[in-house]
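Here's the structure we're looking at; comments come further down.
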Amino acid sequence: MMRIKTPGKGRIRRELDKRAPKLVETGKKTLILHGTKTSGVLNSVLTEIYHLKRDDSVKYTRRNDTVRPFESGGETSLEFYSLKTDCSLFVFGSHSKKRPNNLVIGRFYDHHIYDLVEIGVENFRSMDSFSYDKKFAPLIGSKPFFAFIGEGFENVDELRHLKEVLLDLFHGQAVTNLNLAGLDRVFVCTALSSNKIFFSHCALRLKKSGTTVPRMELVEVGPSMDMVVRRHRLPDDHLRKEAMKTAPELTKKKEKNVSKDPIEGKIGKIYIPDQKVGSVPLANIAKGLKRERREAKLMKSEDKKQKKQKQESE
Amino acid sequence: MAEAQFEVDLGNLMAFDPHHRFVSPPSSREELSKASIEHGTKLVQAIADVLFSLPSREDQDGPIVTLPAPTTKLPRAKPLPKPRPPTNWEVFAQKKGIQKRKKEKLVFDDNTESWKRRHGYDRVNDDNDIPIIEAKATDEPGTDPFAERRKEKKGRVDKQEKNRLHNLKQAAKVGALPSHIQLAATALPITGTQTMTKKISKDELQNVAGMAATATASGGKFDKKLPGEKPPKHEKKYRKFLPAVEGSGMGSMERQQTEKVLNKLISKDSHEILNVEKAVNMYNVKSDKRQQKKQGGKSSSSSRLKPDKKSFKKSSSKKSPYKGKGKSK
């Protein structure tokens, strides 16, 4: 017998509803974890990314030996974690001789791996190494600006993928109303070669200028590093198509035959179909004619009727 | 340098300069970062120009601006939710034109002349509060009206549960079950999206049964068939051999067979059946290998370690069927 199972009420139900798929999606959560071995550099990279995305990310502290994103069997643990924490982005750090300071950034679709980018971190400078006036420090959760420089981001496959993934990772929530006073950070990415980019996080200073548009000044604040793209995996075509589907917009039906005239207001045209003057059957009314014609018509119709009756009787 | 427009995605506050290229990479780290930041400032200024010229409304924290939709599309994290099919009641209400009306929480009770709540403790028109029920002419003596009322209420509740289950099943068929509800004979934890398991059709079952039957030692020939199960579709024999001694009647079957093959080979469309290039390549490769083996056997010592490869296969059957015959004659 079928049973309806509704786990709990109130808080549990609200939590489940929060995780349910929505028509228009708001922010994605990030899972930050590391593998069997990490280096000091990688540890600080992971902590800094966590600080940059404090509100919507989860950082695991223990090492995870079973997680190998690029191998076919090694994704199951990741997918399980994504299911439990409801995260759709992950940053996985690992260090080995072959791949030093390795960072794998990946995304999930429906809690299965969607795509992966593997980058190596070089020349990392942490947030502490920058000295600046502390009152310009950007606040957590503010919507950042993005500046991508270089033709590599358009021509090279891997850099294009990395651009999309970095945008997804750092762009925060999808908002419609933005408070202009709260803009205080920029992510600057410059393509240095076909597989290397320079990534930097800067604070914004809005300075007075003559017009309404303030003058922007960038102060290097946050972590800066060189990212070398090592491997990447794009999603399959049909998975990509499914993930890119947007909500079926309620198409506002175009009002036909309505035009506005400044003098007369709303105008619509009435289209009359052509009258087929020739083929309209006319009624055999004898009214309105002169007597002779009237009698002649009536006689004619009587004759016709008699003929018909004769034919039917025969 | 004629700087073409940057690509500005206002919805994501992103600017992209597709025309920049490092002619020579900057020598030191500071120069690189300085150059990047300078360039970045230009891009951000371009975005800000457009952003601050949007119509804004004043708020206590600052001017608020409505951003347009982003142009770079990012993939979703979860699949699109499917719209829920209307419930039985919703269909009925739409047909009749019944509108939903918001009910007040407090209702005036005439008996006690006070405002009582509609649902819950001490509610209006509570069924259990009625002390006396007057007997109607249709009532049989001996029936308990209070028990009757309770039975009716239970019947109504059960009917409602049945309807609710039916509505949820309809929603589950489409895949639009609400996330906090599970319909299950067993209790499974809610994981990811819940899709209905596909029902297996009769044909699929037959195919699978046939496949399983071939796993037996006799190939499923002597398996006990269940009532209604059809015999396997395939005859198990995949090759047809001609009889050793031809009886009279049909004529030369062997000749017919060979004629059929020849016609296919020599016909106009023979290039579709026999790929001459591939056949020639195969032959060439095989003869090359044979030659190499002969030469290799004389010189290198590694051939001693390699075992003698005797090919137990028959020679290539791509040759004409009449060749052997010609020689024997």
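Remember, it's a predicted structure, so these values are computed and weren't measured experimentally. Here is how names work: the chains are called A, B, and so on, in the same order as the sequence lines, proteins then strands, and each is numbered from 1.
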Answer yes or no: does atom [atom1] of [X] have more than 12 heavy-atom neighbours from other residues, nucleotides or ligands under 6.0 Å?
X        : atom1 : result
A/Phe80  : CZ    : no
B/Asn125 : CG    : no
B/Arg29  : CZ    : yes
B/Glu148 : CD    : yes
B/Asp129 : CG    : yes

[atom1]/[X] to [atom2]/[Y] distance, rounded to the nearest 0.5 angstrom?
X        : Y        : atom1 : atom2 : answer
A/Ile149 : B/Lys42  : CD1   : NZ    : 8.5 Å
A/Arg205 : B/Thr41  : CZ    : OG1   : 12.5 Å
B/Asp59  : A/Leu180 : CG    : CG    : 11.5 Å
B/Met14  : A/His171 : CE    : NE2   : 11.0 Å
B/Leu32  : A/Phe198 : CG    : CZ    : 5.0 Å
A/Leu218 : B/Ser36  : CG    : OG    : 10.5 Å

Would you mind checking which part of [X] comes under 4.5 Å of any heavy atom in chain B, side chain (CB onward), backbone (N, CA, C, O), both or neither?
X        : result
A/Pro144 : backbone
A/Arg240 : neither
A/Leu89  : neither
A/Val175 : both
A/Ala191 : backbone
A/Asp226 : both
A/Tyr114 : side chain
A/Lys245 : both
A/Asn123 : both

Against chain A, label [X] side chain, backbone, both or neither, depending on which of its atoms sit under 4.5 Å from a heavy atom there.
X        : answer
B/Leu168 : side chain
B/Leu43  : side chain
B/Thr72  : side chain
B/Glu7   : side chain

Applying ring pair (Phe, Tyr, Trp, His ring centres under 6.0 Å), name anything that partners A/Tyr81, two or more places apart in sequence or on another chain.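 For A/Tyr81, the residues satisfying ring pair (Phe, Tyr, Trp, His ring centres under 6.0 Å) (neighbours in sequence not counted) are A/Tyr60.
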Chain B contacts, top residue of [options] (heavy-atom pairs, under 4.5 Å):
options                               : answer
A/Cys189, A/Ser200, A/Pro214          : A/Pro214
A/Glu154, A/Glu15, A/Glu25, A/Met244  : A/Glu25
A/Val188, A/Asp17, A/Leu178           : A/Leu178
A/Asn155, A/Leu167, A/Leu206          : A/Leu167
A/Asp86, A/Thr190, A/Asp115, A/Leu183 : A/Thr190

State whether B/Phe16 and A/Lys163 meet the cation-pi test: NZ (Lys) or CZ (Arg) under 6.0 Å from the six-membered ring centroid, and within 45° of the perpendicular axis.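 Yes - A/Lys163 lies over the ring of B/Phe16, closer than 6.0 Å to its centre and within 45° of its axis.
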Can you tell me if [X] uses its side chain to pair, donor with acceptor, with the backbone of [Y] under 3.5 Å?
X        : Y       : result
A/Glu164 : B/Leu74 : no
A/Glu151 : B/His19 : no
A/Glu242 : B/Pro79 : no
B/Arg76  : A/Leu23 : yes

Mind running side-chain contact (heavy atoms from CB on, under 4.5 Å) on B/Val65 and A/Asn177 for me, showing each step along the way? CA-CA 6 Å; B/Val65 142; A/Asn177 296 325; over 6 Å; no
Below 4.5 Å, heavy atoms only, C-beta onward: do A/Cys202 and B/Ile37 meet side chain to side chain?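 Yes, their side chains come closer than 4.5 Å.
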Could you check if a side-chain atom of B/Pro75 sits within less than 4.5 angstrom of a side-chain atom of A/Asp168, using non-hydrogen atoms only?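 Result yes, sub-4.5 Å side-chain heavy-atom pair found.
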At a heavy-atom distance under 4.5 Å, which candidate from B/Glu38, B/Lys73, B/Glu161 has the highest pair count against chain A?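 Ranked by heavy-atom pairs under 4.5 Å with chain A, first place is B/Lys73.
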Most chain A-contacting option - heavy-atom pairs closer than 4.5 Å, from B/Pro18, B/Gly40, B/Gly62, B/Gly11: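 Greatest number of close heavy-atom pairs with chain A: B/Pro18.
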Enumerate donor-acceptor pairs with a distance under 3.5 Å from any side-chain N or O in residues 87-107 of chain B to protein atoms, sequence neighbours excluded.
from	atom 1	to	atom 2	distance (Å)
B/Thr87	OG1	B/Glu90	N	3.3
B/Glu90	OE1	B/Thr87	N	3.2

